[in-house]
Structures are given as C-alpha cells and as structure tokens.
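Here is the structure we will look at.
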Amino acid sequence: MSRSDDPLVGTGFRDRSRAQLGQPFLRQAIPRATDHTIAALHDRFADVDVAALRERGRRIRAETIRDLDAHLETLVAAFERNGITVHRAADAEAARGRIRSICSAAGARRVVKVKSMATEEIRLNPALAADGLEVVETDLGEYVVHLDDDRPSHIIAPIIHKTRQEVRQSLSRVAGRELPDDTAELTGFARGQLRDAFLSADVGISGANFGVAESGTVVLLTNEGNGRMCTSLPRVHIALMGIERVLPTLDDLAVMLPLLAGSGTGQLLTSYVSMISGPRREGEPDGPEEMHVVLLDNGRRALLGGPFEEALHCIRCGACQNVCPVYRQVGGHAYGWVYGGPIGAVLTPLFRGFDDGGELPQASTLCGACDDICPVKIPLHDLLLKLRRVGGGRAATRRERAAATFWAFLWSSGVGYRASIAVGRLGLTLARVLPARLRRGPVLARWAAGRGLPGRGGRP
Amino acid sequence: MMSEPIVCFPTCLVDLVGRRLADDVNTVLGAVGFSPIVASGATCCGQPAFNAGHHAQARRVARRTLRRLGDTEGPIVVPSGSCTAMMRRHWVELFHGDRDEILAAAVAKRVREFSEVVDERRRRLSAFEPRLNAVAGYHDSCHMLRELGIIDQPRRLLGYVDGLEVRPLASGERCCGFGGAFSLRYPEVSVAMADDKLADVRESGVDLLVSSDPGCLMQLGSRADRRGDPLRVLHVASVLAEAGVGR
C-alpha cells in the first residue's frame, strides 16, 4: 500500500501519544477494560495447564507457517472443492479491487460487514463507499467506528476509547432524535438498524479467524451473532483472509479455538463459532448463493523464512495490548495505523515499511509482559529488539547511531568513561543549583520535564 | 571468620547517580562475610546501546567490561536487575560469533544479582538485628522478574527487617515506565506510567518503595520527588544498610 493511500495518523508516536494522554476518559477506560479482560483470561486458564496449551499453540503455528505454501495449496483445493471461489491478492489495492469487482458483478447496493482487522488493514470501507455502495458494519463497536469515520483502537474491542455518551451521540445522529443515555436502549436501537441491514444486504463481507486446510472451512468467532447473519443472509459472502491464518487440520483448530477465545476475552468459547465450508448446497434452505475467499498477502509472504517470521504466528487475540503498560496509557490510535500495542509495533514497520512504522519498535520499555501472555508464545520483546536493529535508513536512527558511536568511543576507555561520569555528575550538581531556565540540553530537559533530578543524597 | 573476596560491578548508573548506593552495597556484602572488590576499569554492560539496536557500539563498550571482569575470578555481584539480565542473558547473543564469545559465556555464568548473593547468606543478617519502621512495597524490575526469575530473594531479605511491613502492590508486575532511552524519547508516556505505579503505591498505603534496579529507582524516585510525594524510594541494599546491617 502506498503511503499517500493510507498515511499513518499524525507525525510521530510522541505527538500522537501526547494527544491521547490528554484525554482523561481514555486514561480511565483503557485500564478498566484491559484489567477486566486480563483478569478474565487468568480465570479462564486457572484450571488449565496454560503453559502446555500455549506450547501446543506455538508449535501448530510455527509448523504451519514454516510450510505455509503447502498448507495454502491444500486450503485452496479444499475451498474450491467446497464450491468457494478463491482469489489471491498481493496487496491492499489488489484485495480491494477483487472485492469491488465481486460486489459489482453481484449488482450489489448494500454490503454488511463482520468486524475484521484485515478489512481495516486494506481500508476497504472507503473504497466500497466510493463505488456508491452502502456499507454497514454490524459488530456494535465497529458500527460506531464506521458512523464516526473513526478507526478501531483495539484488535478485539474497537471502541475501547469511546464513552457511552459519545456512542449515544453517534447513534442519535442516525436516529434523528436524542436517544436516552441507557445501554439497553442504545443497543436496542442499533439492533433494529442492523436487523434491517442484514435482511436487505446483497453482499456480506467477513474476515477469517482461521481457514482450515483439510476441510476448506472459514472459521469466524463472534459474540454478537452478527457474523452468522452476514454470512448466511446476503446472496454473496466474501471472506478476506490473511494468508497466515491457515490451520492444517480440525484438530489444530481444537487447540487454537480455546486459546483465541481465552486470550482474547477470557471466554471458554465465543458465543458464536461459525464454521463455513461453502455456499448453499442444493436442497439447503439457507446460506449464500456464492462464496468467495480473498487471500491477502500485503507484506506477509515477505516475512517467510526471515528473522521476523514469528510475527506471522499471531492470531490477533489482543492479549498483548491488554497487558502492555504503554498501550495502557496511550491506546491504539497512538500507534498510527490499525494494529496497536506490542504486535502493532512489530507488524506496522513490517507491513508498512520503516519509513512509516520504523519508530514504533522504540515505543516499548521492553518489559516483556507481552511475551508472557501471548497464546502462541511470539517473542515480541525479541522481535522489537531485532526491529530496532534494522531501524536503519531513518534519519533519526542515523543521528542516534552517531551518538551511540561517540558514546562507545568514550566508554570503551577508562579515561573517557571517568571523564564523562565526572561531567555527568557535575552537570547534575549544577542543574540542581542553577535556576530552572538555565537547565538546558536535550537529555536533561526531557528527563526533567516531569521528573526531579536523580542522584540526590547519592542514591538513584 | 575470614571474609571471602567477591567482585562487584556497580554499573554506570550507580557510578553516575548512586555513590551512596555503592557504599550500601559494599556494606551489606561485607556484613554477610564478603570483602567486595570493585571491578577495576569495568564501565558499562552495553545495555543502553543494545536495547536501542546498536549492537556494534554496545559490543565495543561491553567488551571492555567483559575483559576487565574476565581478569577476575569467582562470582560477580551486580546491584541491578536489568544489567544482570543483560550480562547473563544477552551477552552471549551480543558476542555470538565474536572473538570474545567464549569469554562472554564464561563471565555470563559468574554474574549474580545482589539479592541472590545476599539471600544465600541471609541468616547472617539476623546478627545485626536490622530494624526500620516503614510500610514497604516491592517493585519488580521487569528484566529481573521475567528474564531472571529472581522474585523471592529480595522479598525474603526485606523479611529480615523488624518494623518493616511489606505489602503487595496491586500493580504488581507492571513496568514503571523507565525503559532506558524510552524515558527520554517519550517522556510524557514514561511519566504517565510512573504516575500509574505511584498511584497504586499510594493506595496501598506504602511509604517506602523498594526495588533492585537503579533504573526503576531513578524513574520512580525522581517522579515522586517532582510531585512532592513523601514516598521514599530505595534499593534493597540501602534498606538493609539503613536498617543497621553492617553497623
């Protein structure tokens, strides 16, 4: 995807995060929601040997990705056997083009969508709208995101950043009247709207949590039932699936389902698990007449066999966002693209390139909480470190490398080290006695913006 | 009883802002029967550059420290969780394929975090009848917790201090927001993370926050200082020294 096509929001992580830090609601809402989900996760796995389960998950993902092309071949053959038309899209533009032409061939006017990060990734909705299609997101959170022309700020909980008041205002705009500030009333209104959309839509578009190769099955996990409506009521169902989401067997799925549901929401299973193996068959009373799967590459294949292959193991559960102490403060929008938190800091530079996302791996304290919670044991901390090494090319990295080289020159000699420590101590002492306006220097100023000077009383 | 020599690598941050902490470390090590020898000429483990992705520069600085430590024998005590993790876990990676690879692996095995070493001789602490009246909370250094799994030792040491009530912190294992260069790159986020931690500390009724990493101590102490928070923030060694160990 070209940069002009979908620019990262704002100028950098620091600016974006400052904007987020200025929102008091966000500062309460994210800790509340993420703490709740993490507590549920721990409850869910309390009586399970979760370490062993994660290891099984890791092995399944690692073995699958290692031999991705073979599994994809099996998957495509099974899909086609099941009457599903398969399309391959090398990038976002190709994927959008495929989906647009399927909609156009179907003479579609209205499209309903299941929440899907892959469709966010390719910015599908604006493209469909430009074709004159009416697009309705049917996951409640995503519905509100779409009404507000916003972006999801969490993989699982798209409007974690919105207050009920904001949701009320958005829905009231649709209603053309002031809706009451009551959750049941608001969801009731949305349900009515969505019900009409389900019944009148020509095309339903979903993502795919998994694609099972042996059976040719698209697996969707939802909690609102909208997934089932979108994939069975309209005449045409299109599933956009990242090529890495393949699982070889249904046995593998039996391991991954509880890992995904447990890590994502702390559930045993989501309320709905749809396993879709083709369009309506003869004699069946319902289901779409046509089913298409669009296999999306968009930067994934390039990671195969390289140092970042493990990023493809991700099953998009959002647990790393929920435990991340940085995400906790700034939310997903600070990361500037669709994926936030630790996995976002890894995927964004890999999918978008270092010009766009090269800074994001620095937006982590490397605390490692994400490594511990990941259901498939992606070494996120390690990937962030590796990405920092690659960081190359960027102007900021070049400047920093020059500074690091000077530092290494000083600190690899006893004299240089002692001299710089003496200068540092003197600087701190002076800074303590000088008036604030004379305290300069980028390092000191940035430290002292919210913190006292360290080392008072000879202790850090 | 003869005291046993032990190599001590105070770390650069302690050299820069923690001379008294260096004394506390020596005092406590002396009290449990070691005679600490400060590793001469060792500067820094290379962690700042390693974490920023500049391996060549990290290796250059770490090589000096590695070789100086390589000239010594026996365990090497480091009063910093993250530096211990860097040396024990990441030096092998940093020097992979390098002429000092074997030396790095050998020295890495000798590196011990301060509380690990003292914990093995903790019974000797009782002789000093350590006492400090305070309500304490222990903040885990992320790298010490997750990369080294040193969790119980510092807490056990605090348990030897009479008058010290140690309360669990609700935010438990959450990062303080230091993260080395992160604290300067994104000062606003870093400070917000410290505030998150400090709010939890206040709620727990803690007036003494204890940790084992000069980075965390500097971050939390400096933020508490700026806020005018009466909280004291001390290294485990300083708590023991203040409580009278080695007196």
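First the proteins, then the strands, lettered A, B, ... as listed; each starts at 1.
Within the 6.0 Å centre-distance limit, the rings of A:His154 and A:Tyr327 are counted as a close aromatic pair. Here the two rings, on A:Phe409 and A:Trp407, have centers that are 6.0 Å apart or farther.
The part of B:Arg146 that comes within reach of chain A is its side chain, from C-beta onward, which places non-hydrogen atoms under 4.5 angstrom from that chain. Contact annotation for A:Arg456: only side-chain heavy atoms (C-beta onward) come within less than 4.5 Å of a heavy atom of chain B. In this structure, the portion of B:Arg174 lying under 4.5 Å from any heavy atom of chain A is its side chain and not its backbone. Within the 4.5 angstrom heavy-atom criterion, only side-chain atoms of A:Leu428, from C-beta onward, approach chain B. Proximity to chain B (any heavy atom under 4.5 Å) is shown, for A:Ala363, by both the backbone and the side chain. Proximity to chain A (any heavy atom under 4.5 Å) is shown, for B:Leu145, by neither the backbone nor the side chain. Using a 4.5 Å cut-off between heavy atoms, A:Ile421 touches chain B through backbone and side chain atoms alike. With a threshold of 4.5 angstrom between heavy atoms, B:Leu16 approaches chain A through its backbone and through its side chain. When heavy atoms are compared at a cutoff of 4.5 Å, A:Arg425 approaches chain B by way of both its backbone and its side chain. Residue B:Glu173: no heavy atom, backbone or side chain, is found under 4.5 Å from chain A. Proximity to chain A involves both the backbone and the side chain of B:Arg20, based on heavy atoms less than 4.5 angstrom apart.
Among B:Cys44, B:Gly41, B:Cys216, the residue with the largest count of heavy-atom pairs under 4.5 Å with chain A is B:Cys44. Across A:Gly458, A:Ala422, A:Ala334, the residue that shares the most heavy-atom pairs under 4.5 angstrom with chain B is A:Gly458. Heavy-atom pairs under 4.5 Å with chain A peak, among B:Cys142, B:Cys176, B:Ala62, at B:Cys142. Between chain A and the options B:Ser222, B:Gly179, B:Ser82, B:Ser238, the largest number of non-hydrogen pairs under 4.5 Å is found for B:Ser222. In terms of non-hydrogen atom pairs under 4.5 Å with chain A, the most contact-rich of B:Arg68, B:Arg63, B:Glu242 is B:Glu242. Note: A:Arg328 leads A:Lys386, A:Arg418, A:Arg328, A:His381 in heavy-atom pairs under 4.5 Å with chain B. Ranked by heavy-atom pairs under 4.5 Å with chain A, the first of B:Asp15, B:Val233, B:Asp23, B:Leu21 is B:Asp15. Highest contact tally toward chain B, considering only A:Ser364, A:Cys324, A:Pro361, is held by A:Ser364 [criterion: heavy-atom pairs under 4.5 Å]. Heavy-atom pairs under 4.5 Å with chain B peak, among A:Pro454, A:Ser420, A:Gly424, at A:Pro454. For chain A, the option among B:Val191, B:Asn51, B:Val189 with the highest count of heavy-atom pairs below 4.5 Å is B:Asn51. Of the listed residues A:Val330, A:Asp371, A:Thr405, A:Asp35, the one with more heavy-atom pairs under 4.5 angstrom with chain B than any other is A:Thr405.
Between B:His90 and B:Phe50, the ring planes are tilted. Angles from 30° to 60° get that label.
At distances below 3.5 Å, not a single donor-acceptor pair connects side-chain atoms of B:Ser171 with backbone N or O atoms of B:Lys197. No donor-acceptor pair closer than 3.5 Å links the side chain of B:Asp24 to the backbone N or O of B:Ala241. A donor-acceptor pair is defined here as one N or O able to donate and one able to accept, closer than 3.5 Å; such a pair exists between the side chain of B:Glu113 and the backbone of B:Ser115.
Salt-bridge formation is detected for the pair A:Asp15/A:Arg18: a Lys NZ or Arg NE/NH1/NH2 atom is positioned less than 4.0 Å from an Asp or Glu carboxylate oxygen.
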Can you list the steps and then say if B:Asp196 with A:Arg27 is a salt bridge (charged side-chain N to carboxylate O under 4.0 Å, His left out)?
CA-CA 10 Å; B:Asp196 199 327; A:Arg27 309 289 304 283; over 6 Å; no
**Message:** Let's go through B:Asp195 and B:Arg227 carefully: what are the C-alpha distance in whole Å and the side-chain angles of both, what is the deciding distance for salt bridge (charged side-chain N to carboxylate O under 4.0 Å, His left out) to 0.1 Å, and is it a yes or a no?
**Reply:** CA-CA 9 Å; B:Asp195 281 347; B:Arg227 292 175 58 127; 2.8 Å; yes
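When the shell of 6.0 Å around NE2 of A:His42 is examined, it contains more than 12 heavy atoms from other residues, nucleotides or ligands. Within a 6.0 Å sphere centred on CZ of B:Arg19, heavy atoms belonging to other residues, nucleotides or ligands number 12 at most. Open room surrounds CZ on A:Phe406; 12 or fewer heavy atoms of other groups in view lie less than 6.0 Å from it.
Here the rule is side-chain contact (heavy atoms from CB on, under 4.5 Å) with B:Arg59, and of B:Leu94, B:Leu66, B:Asp100 only B:Leu94 fits it.
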